[in-house]
Asker: 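There's a structure below that I have some questions on.
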Amino acid sequence: MSQSNHAPSVIIHNIGQLVTVDPERMSSENPLGIIEQGAIRLEDGRIAWLGKTRDLPSGDYPDHQIIDAAGQLLMPGLIDSHTHTIFAGDRANEFEMRLQGKTYQEIAKAGGGILKTVRETRQASRESLKALTLQRLQRMKAFGVTTVEVKSGYGLDFESEMKCLEVLRDVKLDSPVDIIPTYMGGHDIPPEYQGRTDDYVDLLCREQIPAVAQQNLAVFCDVFCEQGYFDVAQSRKILETAHEHGLKLKIHAEEFCDLGGAALAGELRAISADHLLNISDDGIAALKKGGAVATLLPGTAFYLRIKEYAPALKLIAAGVPVALATDFNPGSCVIDNLQLIMALACLQMNMPPVEVIKAVTLHAAMALDLQHDRGSLSVGKRADLAMFDVAGYNELLYRVGSNLLTDVFVAGQRCGRTEISAQVLVS
Ligand SMILES: [Zn+2]
């Protein structure tokens with residue numbers, strides 16, 4: 001489905017709001033570049049024309065599928081630019097333990113936590129990992145998502161990290177959405193390296209990063225720069241090595257404390273810095289100077305019941321592009337619904353709807369360095385589209401908890417409203 005060449009030609013007309021998020025059309029009066037009563041023509045998986053329905057060049061369009069949107073809203077397919085979608089097993093029992101007040105340390109002691117997922121992912125067959133990942137992507141698409149970034153990082157040894165990235169390469173061929181793979185060997189310290197983080201970092205830089213880059217298994221390298229995980233010097237070493245090998249950079253920064261990851265992101269010109277709950281003013285200035293996107297993940301704060309969210313409005317006021325993503329993972333945020341994240345951004349971070357729409361389209365594309373290809377609607381861009389049964393984009397946010405998606409196009413292929421198949425999975 002990700003191939004664009006065999007997509008049929010399509011005309012969608014009678015669109016109530018055609019939300020382009022095209023910087024060329026955006027202005028203070030029309031901040032999302034909306035075309036009212038719009039129409040769009042798709043050819044070979046790309047956008048061939050767009051404008052008002054009444055301006056659609058007349059003709060027969062004999063080879064085109066003609067779709068009447070009946071006044072619905074059409075916008076760029078949503079982009080989830082930060083997920084940990086490839087893993088085995090689940091940690092459902094920990095949810096109840098957390099409600100009972102158990103700490104993360106107590107849960108880890110009882111055999112839970114991230115290392116449980118690492119154990120299960122290491123043991124999982126390629127077939128079961130592939131099936132699980134495809135099913136999760138299918139579910140994301142059902143909310144209007146057409147591009148998903150997926151991080152490795154539950155293998156944490158050479159064989160298992162490579163296994164996950166190779167499975168992702170396979171998944172991409174069959175996937176209902178496009179996948180952007182990220183290598184994240186620096187997600188946690190594996191059990192066999194406890195207390196020897198420097199040795200583990202050396203291993204990543206010596207063996208894993210060169211192999212991942214050489215086999216073209218990832219576009220990005222990410223690292224968990226956090227107290228108790230990888231400090232700034234260790235994160236720097238991982239990211240600089242990744243950069244030398246041609247990988248683009250992302251960083252998990254300032255989630256639990258202000259360690260200085262944002263400054264590092266700015267200095268190394270990372271494409272994005274993510275989480276940022278405790279970012280300082282200097283950190284914000286560094287992101288602005290380095291041109292990084294701030295990717296905020298309010299689902300994680302919500303799921304972990306953290307009271308203070310990332311300072312979204314401060315970042316926006318400073319001129320840093322803000323993206324929103326799910327952070328879908330089996331421990332700290334099991335939310336695969338990007339629409340729910342959009343609602344949380346409004347309700348918990350006071351982000352205006354206009355900023356929220358940009359954060360899951362144009363800015364999310366920027367967080368993947370794909371803004372020239374997708375994330376907005378203009379001639380030549382990938383025909384990734386989401387249609388919603390709402391009169392305006394405000395309603396999309398106002399109707400919290402309802403999935404109002406009616407149709408989705410991935411590289412010009414019409415998928416309809418996805419039905420999630422109940423696959424029987426073999427593990
Ligand atoms: Zn994450």
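Counting starts at 1 for both ligands and their atoms, in listed order.
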Asker: Please round to the nearest 0.5 Å and tell me the distance separating atom OG of S376 and atom CE of M75.
Answerer: 11.5 Å
Asker: Which heavy atom of V10 sits nearest a heavy atom of F409, and at what distance?
Answerer: CG1-CE2, 4.2 Å
Asker: Salt bridge between D174 and K130, side-chain N to carboxylate O under 4.0 Å?
Answerer: yes
Asker: Give a yes or no on whether the ring-centroid distance for F224 and Y229 is below 6.0 angstrom.
Answerer: yes
Asker: I'd like to know whether the aromatic ring centres of H187 and Y154 sit less than 6.0 Å apart in this structure.
Answerer: yes
Asker: Find out whether the Lys NZ or Arg CZ of R98 is both under 6.0 angstrom from the six-membered ring centre of F95 and within 45° of the ring's axis.
Answerer: no
Asker: Restricting to under 2.8 Å, identify the protein N, O or S atoms around the Zn ion (ligand 1) as residue plus atom.
Answerer: H82 NE2, H84 NE2, H252 NE2, D327 OD1
